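Taking it in order: structure first as structure tokens, then the write-up.
Nothing fancy with the numbering, it's 1 onward along the sequence. As the structure is a computational prediction, the values presented were derived from the model and not from experiment. Each ligand, and each atom within it, is numbered from 1 in the order the structure gives.
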Amino acid sequence: MSGPLLKVENLTKHYPLGAGFLKKPFSVVRAVEDVSFSVDAGETLCVVGESGCGKSTVARLLMRLTDPTGGRVLLEGTDIAGLGKHELRAWRRRMQMVFQDPYSSLNPRLTAGQIITEPVQNFEHLSRKQRNALAADLLQKVGMAPEMMHRLPSELSGGQRQRLGIARALSLKPSLIIADEAVSALDVSVQAQILNLLLDLQQQMGIAFVFISHDLGVVEHIAHRVAVMYLGRIVELSPCEALFARPVHPYTEALIAAAPVPDPTRVRLEAPVEGEVPSPINPPSGCTFHPRCPLAVDRCSIEVPRLVPMADGRVVACHVRAPVPDSPVSPACHGKTMGTLVVPLCR
Ligand code: ADP
Ligand code: MG
């Protein structure tokens, strides 16, 4: 296969608010604005950002659980918006989703074995023997005993239920799994087990992940690349190591500074960003981060910054830290610092 596995181009989702029959909506929620990225086979792209920044909406758009207001989603070069019902069904085999809350996403009346073999049975008839063999195989893949196939979700622990959700996603041998806060509800020790399971499965089966999380500790552990979202937009997209070692966008810097530090040798920054996330119904003009940004200059409230490629393979949307080459803002940004952190600017 040439080209990326998944390509997202200018994806936008606006939810109309207050719209009645034939009535014009009086406002819209700009949940996702002009989001573009790609994911290679076998890669993990993590999407991070505060609650309400549009992560789950991106996941729903990727799975076509909701239709975009604009933009395209291409899986192996095919635009999923153009697919008919049958094609969409076939295409869904290749892209599966794991949800945050394993309990509410598993049918409580079905046994574990029925739950994980159901997706395959939607496509082909399986004899009882085949079904049991498939269930045993999938349970073993996610580190559970075959006898568990007879249990109901209510008879399983939180970690086991999440393993079941993963087994169900694996049943159709997808090339891409979208995981939306898939470990957020679990205890830390169980989280680690599930994350390691996902990493093993990726290595064995070459599965790509779009892994959505607000937990930067988890993200640093598993991501190849990270997309940072703020109010529906990607503000920085970077190889993982570079992002954590040297965040460029002031928002990324603030997020990393605010995250709990597992490594005691790493210096912890103090309250680097103030204020609440503004409403996506009436987002600030220009760069939507400008009201909270300690580096903001005049231009930031006027012009939406576009993503500018940097030398180390990342893209950043910031007039100050990543000015468009030859833009008039560049000279003004020298010496700008944030809190105690000094980042080399205007490279
Ligand atoms: P996240 O997953 O990052 O917390 P979401 O994608 O769930 O964010 O939501 C992004 C924004 O879109 C939020 O402001 C949310 O309230 C809004 N939103 C999400 N779904 C709907 C919907 N069906 N109708 C109206 N607004 C919505
Ligand atoms: Mg969400």
Q. Where the side chain of Q114 meets the backbone of T111, is there a donor-acceptor pair that is under 3.5 Å apart?
A. yes
**Q.** Minimum-distance protein heavy atom relative to atom 27 (C) of ligand 1
**A.** Y15 CD1, 3.3 Å
Q. Under the ring pair (Phe, Tyr, Trp, His ring centres under 6.0 Å) test, which residues partner F211, sequence neighbours left out?
A. none
Q) What residue and heavy atom of the protein are closest to atom 9 (O) of ligand 1, and at what distance? A) T57 OG1, 3.8 Å
(Q) Walk me through whether D34 and T12 qualify under side-chain hydrogen bond (donor to acceptor under 3.5 Å, both in side chains). (A) CA-CA 5 Å; D34 199 16; T12 297; 5.2 Å; no
Q: Have a look at P280, P16, A31 and point out the one with the heavy atom closest to atom 14 (O) of ligand 1.
A: P280
Q) Which atoms of ligand 1 have any heavy atom of S51 under 4.0 Å away? A) 4 (O)
Q: Return the residue, atom name and 0.1 Å-rounded distance of the protein heavy atom closest to atom 8 (O) of ligand 1.
A: G54 N, 3.2 Å
Q.
Under 4.0 Å and counting heavy atoms only, is there anything from the protein next to atom 16 (O) of ligand 1?
A. no
**Q.** Atom pair CE/CD of M205 and Q202 - distance to nearest 0.5 Å
**A.** 11.5 Å
Q | Pairs meeting criterion salt bridge (Lys or Arg N to Asp or Glu O under 4.0 Å) with involvement of residues 121-131, two or more places apart | A | R93-E124
Q: Just jot down the ligand 1 atoms closer than 4.0 angstrom to any heavy atom of S56, in number order.
A: 1 (P), 2 (O), 6 (O), 7 (O)
Q.
Could you measure the distance from the CD1 atom of I116 to the CD1 atom of I166? Nearest 0.5 Å is fine.
A. 12.0 Å
Q) Only one of S38, S238, C240, C46 forms a side chain to side chain contact (heavy atoms under 4.5 Å, CB included) with R225, so which one is it? A) S38
Q) Is there a nitrogen or oxygen of G52 sitting under 3.5 Å from a nitrogen or oxygen of ligand 1? A) yes
Q) Does K13 pair with E33 as a salt bridge, N-O distance under 4.0 Å? A) no
Q. Which residue pairs satisfy the salt bridge (Lys or Arg N to Asp or Glu O under 4.0 Å) criterion with at least one member in residues 49-65, sequence neighbours excluded?
A. E50-R292, R64-D67
Q: Go around the Mg ion (ligand 2) and count every protein N, O or S atom nearer than 2.8 Å.
A: 1
Q: Say whether C53, considering both its backbone and side-chain N or O atoms, lies within less than 3.5 Å of an N or O atom on ligand 1.
A: yes
Q: Using the six-membered ring wherever Trp is involved, compare the ring planes of F289 and Y251 and label them parallel, tilted or perpendicular (cut-offs 30° and 60°).
A: perpendicular
